[in-house]
Number of protein chains: 2
Amino acid sequence: MKTISRKEEIIAVASRLFKDKGYKAVSMRDIAKAMDIKAASLYNHINGKQEILSEIILKVAEEFTVGMKKVVSENSAAIDKIEKVIEMHIDITVNYSEALAALNNDWMHLNDTDLKAFVKMREDYEENFRSIIKQGVEACEIKPYHPEVILFSILSTLRTLYLWYQKRGKLDVNILKKDMVSVLIKGLI
Amino acid sequence: MKTISRKEEIIAVASRLFKDKGYKAVSMRDIAKAMDIKAASLYNHINGKQEILSEIILKVAEEFTVGMKKVVSENSAAIDKIEKVIEMHIDITVNYSEALAALNNDWMHLNDTDLKAFVKMREDYEENFRSIIKQGVEACEIKPYHPEVILFSILSTLRTLYLWYQKRGKLDVNILKKDMVSVLIKGLI
DNA sequence: TAACAAAACTAACGCTTGTTAGTTAGAATT
DNA sequence: AATTCTAACTAACAAGCGTTAGTTTTGTTA
């Protein structure tokens, strides 16, 4: 009986519109028109425009947080952890490809409370990733580049992946994982 | 006697504001307030909001186009060309760090004519880069990964560099170049 | 000092924005 | 059959938007 509620439908439609034009450039009337109803009707299901943005962004942000926590708690080599993070990132990209645009570009339009929560999650995520890389450098699993540059390089690639995943016609996930892991990691060892 | 005109001043201030909140979230009154004048006064120097965006984006886009053309015309190994592209990207990032946010996030709000021009430049740029990589793979200078994945990986990193360059307190350019070239290229050969 | 141009100002325009109030049609429950 | 609930509707609000017209200030040149 698992059907999607009207609220989830609004969020899905909004995600798609936000992806193309950005949060501020999409009006409630735009969202309503895309659903063939009037703007006022949206308020039977959601409390406001900002709430839509929160639901989109925080849901995915929590996925990242949970995924990272799982990887960190593993008892394995740093290089394997990095591989796991890359694969986790790709999985989330595939499952939430529409939401990632808002997460990357419109997070600053969250309300104060949600903004603080988001920034905290993001900082923690980066800090965890940084620790894994440092651990790998110290254990000599990874070449002694500046950890910050490695972190930045991998993270930029993963964070922009959603753009290419959509443009290049939704490639096969397993092939994608294999290629990305190769390109991003092989140079480090 | 090279002083900056009022128009250039507006564009500089707008770049900074667009970087933080995005084109659509910044009003003409915001820009004016940041310059301690009234919104209407801006129109003594510029024709409209969209013109500001065009000036910001197209100026940098042309820098990239010119830079790429120079690299392509060189008579050198593919791997050296890639290195040159990376260095060129870093130079532009350092010189136009404020403008790059608009170029990356707000290009879709350009007017029809400028939008077409921008998209064309961007496609040409990517196509040139792709050719260099293919050439490198065929000449066995580069490992035989899928060229598209290599292109995507390098380009995402370079395109997001402006964010980190600002956050990490404006690192030294030459060190940055050396590290980036290492991390991005060493894994390929 | 008078004339001029540059660049600021005030006031207002038509339009869009997010949102609220009150109403109505149809389906589900009693 | 009567009631309640759900989800749509119309109409309107105050605030903010980009932009224009007309006016005043300011600084330079004749």
Side-chain angles (χ1 to χ4, degrees), chain A residues 1-58 102 105-115, chain B residues 1-58 102 105-115:
Chain A
M1 204 61 166
K2 189 64 189 295
T3 172
I4 74 161
S5 73
R6 207 76 173 117
K7 179 170 178 177
E8 288 172 306
E9 204 176 331
I10 292 172
I11 291 171
V13 168
S15 299
R16 210 188 61 228
L17 295 178
F18 292 168
K19 181 195 67 189
D20 292 330
K21 312 205 296 167
Y23 174 72
K24 280 284 183 180
V26 174
S27 70
M28 293 301 274
R29 286 166 179 83
D30 291 333
I31 298 171
K33 186 166 277 176
M35 301 188 66
D36 259 318
I37 57 175
K38 299 291 170 182
S41 307
L42 294 170
Y43 288 83
N44 285 316
H45 309 282
I46 48 108
N47 292 318
K49 197 187 176 189
Q50 285 223 26
E51 195 195 42
I52 300 177
L53 188 67
S54 289
E55 299 256 353
I56 294 173
I57 293 180
L58 290 186
N105 306 319
D106 293 317
W107 55 270
M108 70 284 273
H109 300 118
L110 289 168
N111 67 59
D112 226 58
T113 314
D114 291 332
L115 179 62
Chain B
M1 207 54 173
K2 186 66 188 296
T3 174
I4 73 162
S5 73
R6 206 79 172 115
K7 177 171 178 175
E8 289 170 306
E9 205 176 329
I10 292 172
I11 290 170
V13 168
S15 301
R16 211 188 62 230
L17 296 178
F18 291 169
K19 182 195 66 190
D20 292 330
K21 311 205 295 165
Y23 174 73
K24 280 283 183 180
V26 174
S27 70
M28 293 300 274
R29 286 165 178 86
D30 290 333
I31 298 172
K33 186 165 277 177
M35 301 187 67
D36 261 317
I37 59 175
K38 299 291 171 183
S41 307
L42 294 169
Y43 290 80
N44 285 316
H45 309 282
I46 46 108
N47 293 319
K49 197 187 176 189
Q50 285 223 27
E51 194 195 43
I52 301 177
L53 188 65
S54 289
E55 299 255 353
I56 294 173
I57 292 180
L58 291 185
N105 305 319
D106 293 317
W107 55 269
M108 71 283 276
H109 300 119
L110 289 168
N111 67 58
D112 225 60
T113 316
D114 291 333
L115 179 61

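Below, chain A is the first sequence line, B the second, and so on; all start at residue 1.
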**Request:** For side chain to side chain contact (heavy atoms under 4.5 Å, CB included), just list the numbers for B:N105 and B:F18, CA-CA rounded to whole Å, side-chain angles, deciding distance to a tenth of an Å, and then say yes or no.
**Result:** CA-CA 9 Å; B:N105 305 319; B:F18 291 169; over 6 Å; no
Rounded to whole angstrom units, what separation is found between the [atom1] atom of [X] and the [atom2] atom of [N]?
{"X": "A:L53", "N": "C:dG18", "atom1": "CG", "atom2": "P", "answer": "12 Å"}
{"X": "A:D36", "N": "D:dA8", "atom1": "CG", "atom2": "P", "answer": "11 Å"}
{"X": "A:L42", "N": "C:dA21", "atom1": "CG", "atom2": "P", "answer": "17 Å"}
{"X": "B:I37", "N": "C:dT10", "atom1": "CD1", "atom2": "C1'", "answer": "14 Å"}
{"X": "A:K38", "N": "C:dG18", "atom1": "NZ", "atom2": "C1'", "answer": "16 Å"}
{"X": "A:I52", "N": "C:dT19", "atom1": "CD1", "atom2": "C1'", "answer": "12 Å"}
{"X": "A:H109", "N": "C:dT17", "atom1": "NE2", "atom2": "P", "answer": "15 Å"}

**Message:** Measuring from the side chain of B:R6 (C-beta onward, heavy atoms only), which nucleotide among C:dA8, C:dA21, D:dA8 has the closest atom?
**Reply:**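 Nearest to the side-chain atoms of B:R6, counting from C-beta on, is C:dA8.
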**Asked** So which of B:N47, B:N111, B:I11 actually passes side-chain contact (heavy atoms from CB on, under 4.5 Å) with B:S54?
**Response**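 For B:S54, the side-chain contact (heavy atoms from CB on, under 4.5 Å) check succeeds only for B:N111.
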**Item:** B:L17, B:D20, B:V13 screened by side-chain contact (heavy atoms from CB on, under 4.5 Å) with B:V26, the one that passes
**Value:**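 When B:L17, B:D20, B:V13 are each tested with B:V26, the side-chain contact (heavy atoms from CB on, under 4.5 Å) holds only for B:L17.
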Test item: [X] and [Y] side chains (from C-beta on) under 4.5 Å apart, heavy atoms:
{"X": "B:Y23", "Y": "A:K24", "result": "no"}
{"X": "A:M28", "Y": "A:L42", "result": "yes"}
{"X": "B:I31", "Y": "B:I52", "result": "yes"}
{"X": "B:R6", "Y": "B:M35", "result": "yes"}

**Message:** Rounded at 0.5 Å granularity, tell me how far NZ in B:K21 sits from NE2 in A:H109.
**Reply:**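 The distance works out to 7.0 Å.
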**Request:** Could you identify which residues of residues 43-50 of chain A place a heavy atom less than 4.0 Å from some atom of DNA chain C, listed by residue number, or say none?
**Result:**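 DNA chain C contact set from residues 43-50 of chain A: A:Y43, A:G48, A:K49.
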**Message:** Using a strict heavy-atom distance below 4.0 Å, which residues from residues 21-34 of chain B are in contact with DNA chain C?
**Reply:**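 Heavy-atom cutoff 4.0 Å gives B:R29.
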**Prompt:** Should B:S41 be listed as having a side-chain N or O under 4.0 Å from OP1 or OP2 of C:dC9?
**Reply:**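 Checking B:S41 against C:dC9: at least one side-chain N or O falls below 4.0 Å of OP1 or OP2.
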**Asked** Who pairs with B:N44 by side-chain hydrogen bond (donor to acceptor under 3.5 Å, both in side chains), at least two apart in sequence or on another chain?
**Response**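 Partners of B:N44 by the side-chain hydrogen bond (donor to acceptor under 3.5 Å, both in side chains) criterion come out as none, since no residue qualifies.
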